[in-house]
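These notes are about the structure you will find just below.
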Amino acid sequence: MNIIVTGGAGFIGGNFVHRMVKKYPEDTIINVDLLTYAGNLETCKPVENEPNYKFYRGDIADADFVNRVFEAEKPDIVVNFAAESHVDRSITDPGIFVHSNVLGTVTLLDACRRYGIKRYHQVSTDEVYGDLPLDRPDLFFTETTPLHTSSPYSSSKASADLFVLAYHRTFGLPVTISRCSNNYGPYHFPEKLIPLMISRALADEELPVYGDGANVRDWLHVSDHCAAIDLIIHNGRVGEVYNVGGHNERTNLEVVKTILHALNKPESLIRFVKDRPGHDRRYAIDPTKLETELGWKPEYNFDTGIAQTIEWYLNNREWWEHIISGEYQNYFENMYGERLS
Ligand code: NAD
Ligand code: DAU
């Protein structure tokens, strides 16, 4: 099969590309990525010379580009990870989130209709459900929880989900959607909480905690998310939404303290800063549907996953130091410049 993975130079898409290239040597994995500030081809180094891996640079909202890729590759499956993904950036620049997350998704759906595919999978987020109160630990997001977004980011993702479901109902497109909680693990861009705190703690820099640090996130190791998507695209029911999460809720302060203790750094590095506007209080996923229908079970809990992640950041300093220095943005030119000229 030919499988297009968009956003494969990003955090989760990159981990998914690694998994699929290695696990399915008979399939061709076609990575389509614009290489925005969040796209890093150094993430794809472990697979870049594999015979069943290909890369195209381009914008999923550019219909001519998307049609050219579909024409050339005739995909059986499309898995859409490509998106602007950082809530803070969506507060300062919402427009690009509409472009990549909404228009990009619709452009891919149109190409899927035109060329025909066996499955379109949309990688969505638990943030489409809004947030839960801190004093109701008995409440969880299920697939039927109403969409109730807070940020421009989550609004763009919810909008994309609605288009995906509309293309299924109106045009019969074979789609699935996964809505996952917060991911962490290798190749996570150091603007997000966990890699930011690890890299700053290692440099003995202050760790900015928003508000009172009591906001709760439900953390899932990225490899468990990738395993869930692999199961859904192969065995999930068409037209269905699947929540993905492993019941690993932690306050932000707990996460930051865990990282400091693991690195043997003092809690005095913590600096409480002005809160994120509209900051969601708690996310918590009920993954029962995925577990009972598809037999998914996470391999990591938060303690084993964060230990593995910290070790990865200690052993792969070059990867994240290149991001902090900006050097990673030269990788495409160094790697592909001659081939393109
Ligand atoms: P990321 O920001 O690390 O990577 C996004 C990738 O998409 C980058 O490689 C970027 O270059 C690419 N991209 C952005 N706009 C593009 C465009 N217009 N055309 C082509 N490529 C484009 O994001 P991530 O954290 O890996 O998230 C991947 C997906 O998973 C997103 O759709 C996000 O909404 C969703 N998600 C993320 C999390 C999380 O915790 N990170 C949780 C649930 C769902
Ligand atoms: O829930 C899934 C979502 O998780 C994904 O859809 C998003 O793409 C992904 O970025 C993530 O969103 P969050 O906003 O939860 O992640 P972030 O790492 O930005 O922040 C996690 C929590 O930590 C949040 O409550 C804000 C807080 N935070 C974040 C940063 C960057 C801080 O306190 N300080 C910080 O410097």
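First listed ligand is number 1; within each ligand, the first listed atom is number 1. Only heavy atoms go into these numbers, but all of them, side chains included; no hydrogens, no water, no symmetry mates.
- For H148, the NE2 atom counts as loosely surrounded, since its 6.0 Å shell holds 12 or fewer non-hydrogen atoms of other residues, nucleotides or ligands.
- In summary, the atoms of ligand 1 found under 4.0 Å from a heavy atom of S181, numbered by their order in the structure, are 42 (C), 43 (C).
- Using a 4.0 angstrom heavy-atom cutoff, K157 does not count as in contact with ligand 2.
- The distance criterion of under 3.5 Å between nitrogen or oxygen atoms is met by Y153 with respect to ligand 1.
- For atom 8 (C) of ligand 1, the choice among V32, I194, D33 with the nearest heavy atom turns out to be D33.
- With E50 contributing its side chain and V47 its backbone, the two residues share no donor-acceptor pair below 3.5 Å.
- Among the atoms of H225, none of the N or O lies under 3.5 angstrom from an N or O of ligand 1.
- In terms of protein heavy-atom proximity, atom 29 (C) of ligand 2 is nearest to Y210 CE1, 3.5 Å.
- Between F189 and ligand 1, no N or O atom pair is found at a separation short of 3.5 Å.
- At the top of the distance list for atom 7 (C) of ligand 2, counting protein heavy atoms only, stands S85 O, 3.4 Å.
- Within 6.0 Å of CG in D303 there are more than 12 heavy atoms belonging to other residues, nucleotides or ligands.
- Nearest-residue assignment for atom 37 (C) of ligand 1 (options T125, V79, I12; heavy-atom criterion): I12.
- Proximity of F11 to ligand 1, defined as any heavy-atom pair under 4.0 Å, is shared by backbone and side chain alike.
- The environment of CZ in F163 is sparse: at most 12 heavy-atom neighbours from other residues, nucleotides or ligands sit within 6.0 Å.
- The nearest non-hydrogen atom to atom 17 (P) of ligand 2, considering only M197, E191, R276, R217, comes from R276.
- Using a 4.5 Å heavy-atom threshold, the side chains of F70 and C112 count as touching.
- More than 12 heavy atoms of other shown residues, nucleotides or ligands fall within 6.0 angstrom of atom NZ in K74.
- Ligand 2 has no N or O atom lying under 3.5 Å from any N or O atom of D280, backbone or side chain.
- Side-chain contact between E73 and Y56: present, with at least one pair of heavy atoms (C-beta onward) separated by less than 4.5 Å.
- Nearest-heavy-atom check against atom 18 (O) of ligand 2 across L193, L220, I270 picks out L193.
- The closest protein non-hydrogen atom to atom 27 (C) of ligand 2 is N252 ND2, 3.4 Å.
- Of all protein heavy atoms, the one closest to atom 1 (O) of ligand 2 is D126 OD1, 2.5 Å.
- By the 4.0 Å N-to-carboxylate-O rule, D212 lies close enough to R281 to be salt-bridged with it.
- A heavy-atom distance below 4.5 Å is not found between the side chains of I96 and T36.
- Residue nearest to atom 13 (N) of ligand 1, selected from S100, G39, A83, G14: A83 (by heavy-atom distance).
- A donor-acceptor contact shorter than 3.5 Å is absent between the side chain of D27 and the backbone of M20.
- Of the heavy atoms in Y187, none comes closer than 4.0 Å to ligand 1.
- Near H279, with a cut-off below 4.0 Å to any heavy atom, the atoms of ligand 2 are 24 (C), 25 (O), 26 (C).
- Between T149 and K157, the side chains place no donor N or O within less than 3.5 Å of an acceptor N or O (distance only, hydrogens not considered).
- Residue N40 has no nitrogen or oxygen atom sitting less than 3.5 Å from a nitrogen or oxygen atom of ligand 1, judged on distance alone.
- For the residues F272, Y283, Y153, the heavy atom positioned nearest atom 6 (O) of ligand 2 is part of Y153.
- Annotation: P208 places an N or O atom under 3.5 Å from an N or O atom of ligand 2; distance criterion only.
- In terms of modelled atom types and a separation under 3.5 Å, the side chain of N243 and the main chain of K289 share no donor-acceptor contact.
- Ranked by closest heavy atom to atom 3 (C) of ligand 2, the top entry among E127, R179, R271 is E127.
- Under the 4.5 Å side-chain criterion, counting only non-hydrogen atoms from C-beta, I60 is in contact with N80.
- A donor-acceptor pair under 3.5 Å links the side-chain atoms of Y328 to the main chain of Y37, judged by distance alone.
- The atoms of ligand 2 that sit less than 4.0 Å from any heavy atom of K192 are 10 (O), 18 (O).
- Of the options G10, G7, C44, the smallest heavy-atom separation from atom 4 (O) of ligand 1 is shown by G10.
- Between H18 and Y187, the angle of the ring planes goes over 60°, which puts this pair in the perpendicular group of the 30/60° scheme.
- When N183, N182, N215, D212 are checked for heavy-atom proximity to atom 11 (C) of ligand 2, N182 turns out nearest.
- Heavy atoms of A61 found under 4.0 angstrom from ligand 1: none, in either backbone or side chain.
- Residue contacts with ligand 1 for K157 involve side-chain atoms from C-beta outward but no N, CA, C or O (heavy atoms, distance under 4.0 Å).
- Near H86, the atoms of ligand 2 lying under 4.0 angstrom from a non-hydrogen atom of the residue are 19 (O).
- For a threshold of 3.5 Å applied to N or O pairs, the pair formed by S85 and ligand 1 contains at least one separation below that value.
- Residue N182 approaches ligand 1 through these ligand atoms, each under 4.0 Å from one of its heavy atoms: 40 (O).
- Ligand 1 has an N or O atom lying under 3.5 Å from an N or O atom of F81, backbone or side chain.
- When each atom of ligand 1 is checked for a heavy atom of D59 under 4.0 Å away, the hits are 17 (C), 18 (N), 19 (N).
- Of all the atoms in ligand 2, the ones that sit under 4.0 Å from a non-hydrogen atom of T125 are 1 (O), 2 (C), 3 (C), 5 (C), 6 (O).
- Under 4.0 angstrom from ligand 1, the non-hydrogen atoms of L35 all belong to its backbone.
- Taking every heavy atom of L196 and a limit of under 4.0 angstrom, the matching atoms of ligand 2 come to 36 (O).
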